[in-house]
Amino acid sequence: MTIRRATSQDRSQIQDLHRAAFDASENETVARLALELLDDDGSPPTLSLVAERDGAVVGHVAFSPVGLTGDPRFSAFLLGPLGVLPAFQGKGIGSQLVREGMRLVGTGDVDVLFVYGDPAYYGRFGFSAEAAEGFAPPYPLQFDFGWQALQLKPRNSGVAGGRITCVDPLNDPALW
Ligand SMILES: CC(C)(COP(=O)(O)OP(=O)(O)OC[C@H]1O[C@@H](n2cnc3c(N)ncnc32)[C@H](O)[C@@H]1OP(=O)(O)O)[C@@H](O)C(=O)NCCC(=O)NCCS
């Protein structure tokens, strides 16, 4: 199994895997988001990784940059979406994608990672709701308990918190 940066050649496989991994109520939205984030070439750029097995893409994760209103020095990334083909779930692939993404984005001068997802899954990587306290998500959440953070640098006493801003593909209240 290889974890590598996604390329435009992976588009259809990334789309297919999210369509298969997520529930029918959200899979098209998630697949579209994954492709839009793949195209994001902002600064810093979104990191998109795929897990490849025998030449086929079986997992994908994106880490997109987020900002903090009123603090141009704040540097953070948002993890998501994350998906693994159903037949390959439970084999550690999701964890490898998350850990490799955390390693790659964490080598920069990054303060915090955020995620909006199941705490029962993301807690194992060190994400917690407590660490996200004071950082308001870009839109009202459907599931408040899913908003979590992982502090990579000691929380700067100057960072009181504030509202998180995100890249264009995530600027859709329906995603939150
Ligand atoms: C969530 C997902 C990415 C995990 O990928 P994976 O490769 O199966 O995960 P891993 O093999 O690294 O870890 C498996 C563990 O995560 C647990 N797990 C999987 N999905 C979970 C969830 N939604 N909530 C809590 N735990 C979950 C499994 O029970 C297993 O637990 P164990 O280690 O105690 O046995 C994958 O199951 C998936 O694509 N699910 C559908 C899409 C989705 O819900 N994505 C967002 C997650 S919030």
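Residue numbers count from 1 along this sequence. Order of appearance sets the numbers: ligands from 1, and atoms from 1 within every ligand.
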Report, one line per pair, each donor and acceptor closer than 3.5 Å where one atom sits in a side chain of residues 83-100; sequence neighbours left out.
unit_1 : atom_1 : unit_2 : atom_2 : d
Gln89  : NE2    : Val84  : O      : 2.8
Glu100 : OE1    : Arg103 : NE     : 3.0
Glu100 : OE2    : Arg103 : NH2    : 2.9

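- Using cut-offs of 30° and 60° on the angle between ring planes, the pair Phe127 and Phe125 is perpendicular.
- Sorted by chain and number, the residues within 4.0 Å of ligand 1 by heavy atom are Ala21, Phe22, Leu82, Gly83, Val84, Gln89, Gly90, Lys91, Gly92, Ile93, Gly94, Ser95, Asp118, Ala120, Tyr121, Tyr122, Arg124.
- The side-chain contact (heavy atoms from CB on, under 4.5 Å) test with Val66 is passed by exactly one of Ser75, Pro137, Pro138, Cys166: Cys166.
- The aromatic rings of Phe114 and Phe74 sit tilted relative to each other, their planes meeting at an angle between 30° and 60°.
- Across all non-hydrogen atoms, the minimal contact from His60 to Ala34 is CE1-CB, 3.7 Å.
- Side-chain polar atoms of Tyr139 and Asp172 form no donor-acceptor pair below 3.5 angstrom.
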